[in-house]
Amino acid sequence: MGQNVTYKILQDHLVDGELKQGTEIGIRIDQTLTQDATGTMAYLQFEAMGIPRVRTKRSVSYIDHNMLQTGFENADDHRFLQSIAAKFGAYFSRPGNGICHQVHLERFAVPGQTLLGSDSHTPTGGGMGMIAIGAGGLDVAVAMGGGAFYIPMPQVLGIHLTGTLQPWVTAKDVILEILRRLSVKGGVGKIVEYFGPGVASLTVPERGTITNMGAELGATTSVFPSDEQTRRYLKAQGREESWVELIADPDAGYDETIEVNLDELEPMIAQPSMPDRVVPVREVAGLKIAQACIGSCTNSSYLDLMHAASVLRGRTVHPSVSMTLSPGSKQVYTMISENGTLTDFIQAGARVLESGCGPCIGMGQSPPTGTITLRTFNRNFAGRTGTPGDQSYLCSPEVASVSAITGVITDPRDFGEYPQVTLPETFIVNDNMVVQPPENGADVEVVRGPNIKPVPIREDMPDTLTGENLLKVEDNITTDHIMPAGAKILPLRSNIPAIAEYVYFQVDPTFAQRAKEKGGGFIVGGENYGQGSSREHAALAPMYLGLKAVVAKSFARIHWNNLINFGILPLVFVNSDDYDRIDQGDQLEIRDTRQAIQSGTAVTLYNKTKNIEIPLQHTLTPRQIGIMLDGGLLNHIRKQQ
Ligand code: MIC
Ligand code: SF4
């Protein structure tokens with residue numbers, strides 16, 4: 001049988017294992033990306049490994065998240081990242097150059113290659129026919145050092161696209177429809193591959209919107225073929241030489257397929273506070289909004305902004321709405337400025353921000369209390385906007401801009417004729433905001449601000465894990481619950497002792513204090529524990545507070561991996577009902593843990609308070625067992641050296 005695109009790229013990069021489901025594979029990583037909120041840790045970890053220079057084909061360090069600089073912390077981090085990139089041979093994308101995923105797609109993504117990024121939306125690169133995966137900073141540091149990246153061999157879910165998008169229906173609606181059908185855990189353990197006649201009409205930026213938000217399915221990544229559209233986009237970026245054709249063999253199969261007919265789609269919207277609470281826009285039309293934000297790595301491409309601008313042109317944002325615009329990159333910003341479109345935004349009353357993540361990660365622009373905010377972003381997790389009790393809806397730039405004018409959620413098909421916008425023949429290319437590393441960085445001095453603290457490291461795993469169940473949580477807990485972001489907390493990403501004070505802050509503000517007083521302990525969770533961001537701080541900071549194990553019904557991939565990397569044992573219930581047999585505050589114990597995880601998959605949890613035994617299991621591979629025993633990946637690597 002022929003191969004699909006996923007198998008072709010994985011096969012080409014396989015360095016360990018075989019492409020057999022249920023086993024672990026190691027793949028070679030061609031490119032890495034980091035951003036500033038996860039990058040400081042990633043580079044500190046890379047430094048701790050003692051490797052003199054990155055060994056990838058290309059590593060890029062971006063500044064896009066922590067841009068507010070309300071104190072010295074972010075600015076110090078920027079200087080640190082610039083100097084350490086020079087030292088170790090990484091390209092440095094300066095603040096103002098744009099959001100990592102948008103810029104990477106424009107300037108660095110190469111079909112057929114692999115990309116590992118310390119950001120969960122790295123799969124945006126799948127729009128260019130890459131296997132692009134999000135991971136914790138430590139995994140990215142290992143990949144920068146030339147190490148393989150390990151994943152359980154995923155299933156390939158084929159999404160068969162037919163038809164073409166109708167006026168006012170966009171790529172965002174495609175992925176929202178898929179989220180509606182599959183839910184935020186529908187992609188766990190899978191790579192989503194798009195195929196079929198509907199693929200050809202989608203441009204690379206549109207594909208990027210779809211693969212970007214595939215992260216919200218919990219998928220390992222998503223990928224499109226590399227075809228004539230890909231060639232066209234690369235040519236327009238002045239990079240045609242990077243193009244290779246990469247399409248599934250005619251007789252290729254998929255583990256599972258679903259059908260999406262683009263002709264039948266309509267404008268969709270995700271309701272608060274999960275990206276899969278999707279309904280057609282018309283079902284919620286008429287709700288008053290207070291804010292409309294255009295931007296983020298999902299929807300801030302040239303095409304997105306041109307569509308939004310043609311709605312705004314000659315009109316005024318509704319008096320009760322505040323509208324923001326964050327162009328995805330300097331390239332996009334320059335182009336809408338040169339063709340006059342920026343004026344349309346300014347004249348309409350949009351508040352034009354810099355090129356970066358901005359409101360998407362709660363760095364400013366929190367909406368007013370008790371109001372609806374409409375965002376073209378990918379996540380609407382509770383509190384992410386920075387306003388407690390926020391009502392954040394996710395939609396396309398078309399829906400956001402039309403609604404910004406009317407003041408209520410509006411189906412854009414009621415608005416008038418759809419503005420035709422086509423991909424430009426050539427983009428304005430100027431990489432003057434990307435700093436190339438020197439040939440030899442040995443003499444470069446790394447600049448460290450006072451907020452940059454060393455990475456804490458855990459001891460070897462003890463034989464007995466004992467302590468209190470510090471917290472019991474529900475299904476679909478996100479990393480935003482575990483380790484919130486936003487303007488107050490994000491600047492502390494380089495300082496684990498300081499950021500640890502905010503672990504689970506919005507769920508239970510006493511958590512950090514209790515964890516410290518009790519000398520650490522356990523957390524009990526439901527399904528899909530740790531979905532969302534790749535931030536390893538959601539494992540690293542709890543580790544610092546003494547968290548020993550997380551017992552859940554199931555885990556999200558990146559967080560599960562991050563827990564292992566930092567020596568916190570992730571365990572699942574054999575019988576989900578046993579979730580009810582542990583309460584917060586119960587005293588728990590696992591004996592002979594070292595022996596237990598090495599000799600099989602069964603682990604017994606003793607609930608001392610209730611005097612019962614609860615059967616658990618681990619799904620660690622032999623490689624991961626070694627990491628756990630050594631108290632985490634950094635220790636493990638050091639011991640091996
Ligand atoms: C996010 O969208 O949540 C982030 C901020 O980009 C994160 C990374 C981070 O927490 O630094 C992500 O998606 O991985
Ligand atoms: Fe930035 Fe938002 Fe994209 Fe995360 S999802 S990389 S915060 S724009």
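Remember, it's 1-based here, ligands and their atoms both numbered in the order they're listed.
A side-chain donor-acceptor contact under 3.5 Å links Ser396 to the backbone of Val399. Remark: side-chain polar atoms of Gln35 are paired, donor with acceptor, to backbone N or O of Thr38 under 3.5 angstrom. Under the 3.5 Å distance criterion, the side-chain polar atoms of Thr341 are left unmatched by any main-chain donor or acceptor of Met306.
At a 4.0 Å heavy-atom cut-off, ligand 2 touches Asp119 through the side chain alone. Neither the backbone nor the side chain of His537 has any atom closer than 4.0 Å to an atom of ligand 1 (non-hydrogen atoms only). Only the side chain of Ile361 comes within contact range of ligand 1, with a heavy atom under 4.0 Å; no backbone atom does. By the criterion of a heavy-atom distance under 4.0 Å, the side chain of Arg384, and not its backbone, is placed next to ligand 1.
Against a heavy-atom cut-off of under 4.0 Å, His65 is close to the following atoms of ligand 1: 4 (C), 5 (C), 6 (O). Listed by number with element, the atoms of ligand 2 under 4.0 angstrom from any heavy atom of Cys360 are 2 (Fe), 5 (S), 7 (S), 8 (S). Against a heavy-atom cut-off of under 4.0 Å, Asp119 is close to the following atoms of ligand 1: 4 (C), 6 (O), 7 (C), 8 (C), 12 (C), 13 (O), 14 (O). Listed by number with element, the atoms of ligand 1 under 4.0 angstrom from any heavy atom of Thr38 are 9 (C), 11 (O). The contact set between ligand 2 and Ile361, taken as ligand atoms under 4.0 Å from a residue heavy atom, comprises 7 (S). In the vicinity of Asn378, heavy-atom distances shorter than 4.0 Å reach the ligand 2 atoms 5 (S). Of all the atoms in ligand 2, the ones that sit under 4.0 Å from a non-hydrogen atom of His101 are 6 (S). Per-residue contacts place Ser534 under 4.0 angstrom from the following atoms of ligand 1 (heavy atoms of the residue considered): 12 (C), 14 (O). The contact set between ligand 1 and Ala37, taken as ligand atoms under 4.0 Å from a residue heavy atom, comprises 11 (O). Listed by number with element, the atoms of ligand 2 under 4.0 Å from a non-hydrogen atom of His65 are 1 (Fe), 4 (Fe), 6 (S), 7 (S). Near His121, meaning under 4.0 Å from any of its heavy atoms, are these atoms of ligand 1: 13 (O).
The shortest heavy-atom distance from Arg379 to ligand 2 is not under 4.0 Å. Residue contact check for ligand 1: Met483 places no non-hydrogen atom closer than 4.0 Å to it.
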task = Just do the salt bridge (charged side-chain N to carboxylate O under 4.0 Å, His left out) check on Arg448 and Glu47 with the steps written out, would you?
result = CA-CA 13 Å; Arg448 271 169 241 265; Glu47 188 180 36; 2.7 Å; yes
Evaluation steps, side chain to side chain donor-acceptor pair (under 3.5 Å), between Asn380 and Ser392 = CA-CA 5 Å; Asn380 57 351; Ser392 175; 5.2 Å; no
- prompt: Can you check side chain to side chain donor-acceptor pair (under 3.5 Å) on Arg493 and Thr40, steps first, answer last?
  reply: CA-CA 8 Å; Arg493 285 285 181 94; Thr40 49; over 6 Å; no
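Coordination check, His121 versus atom 3 (Fe) of ligand 2: failed, since every N/O/S atom of the residue sits at 2.8 Å or beyond.
Put simply, the residue from Gln237, Arg107, Gln102 that forms a side chain to side chain donor-acceptor pair (under 3.5 Å) with Gln331 is Gln237. Of the listed residues (Ser533, Ser296, Ser120), just one forms a side chain to side chain donor-acceptor pair (under 3.5 Å) with Arg379, and that residue is Ser120. Residue Gln31 forms a side-chain contact (heavy atoms from CB on, under 4.5 Å) with just one option from Thr114, Val60, Thr122, Leu115, and that option is Leu115.
For the residues Arg535, His101, Arg493, the heavy atom positioned nearest atom 11 (O) of ligand 1 is part of Arg493. Evaluated by nearest non-hydrogen atom to atom 8 (S) of ligand 2, the leading choice among Gly532, Cys297, Gly356, Gly328 is Cys297.
Taking the six-membered ring wherever Trp is involved, the centroid distance between the rings of Tyr529 and His559 falls below 6.0 Å. Between Phe505 and Phe511, the ring center distance fails the sub-6.0 Å criterion. A ring-centre distance under 6.0 Å is found for Tyr233 and Phe427.
Nearest protein heavy-atom contact of atom 7 (C) of ligand 1 is Ser533 OG, 3.1 Å. Of all protein heavy atoms, the one closest to atom 1 (Fe) of ligand 2 is Cys357 SG, 2.3 Å. Counting protein heavy atoms only, atom 13 (O) of ligand 1 is closest to Ser120 OG, 2.5 Å. Counting only heavy atoms of the protein, atom 8 (C) of ligand 1 lies nearest to Gln35 NE2, 3.2 Å.
A cation-pi contact links Arg58 to Tyr91, judged by a cut-off of 6.0 Å to the six-membered ring centre and 45° from its axis.
Of the charged side-chain nitrogens involved, none lies within less than 4.0 Å of a carboxylate oxygen, so that Asp276 and Arg180 do not count as a salt-bridged pair.
Taking distance alone, with nitrogen or oxygen atoms compared against 3.5 Å, Arg379 approaches ligand 1 more closely than that limit.
Counting non-hydrogen atoms of other residues, nucleotides and ligands closer than 6.0 Å to CZ of Arg458 gives a total above 12.
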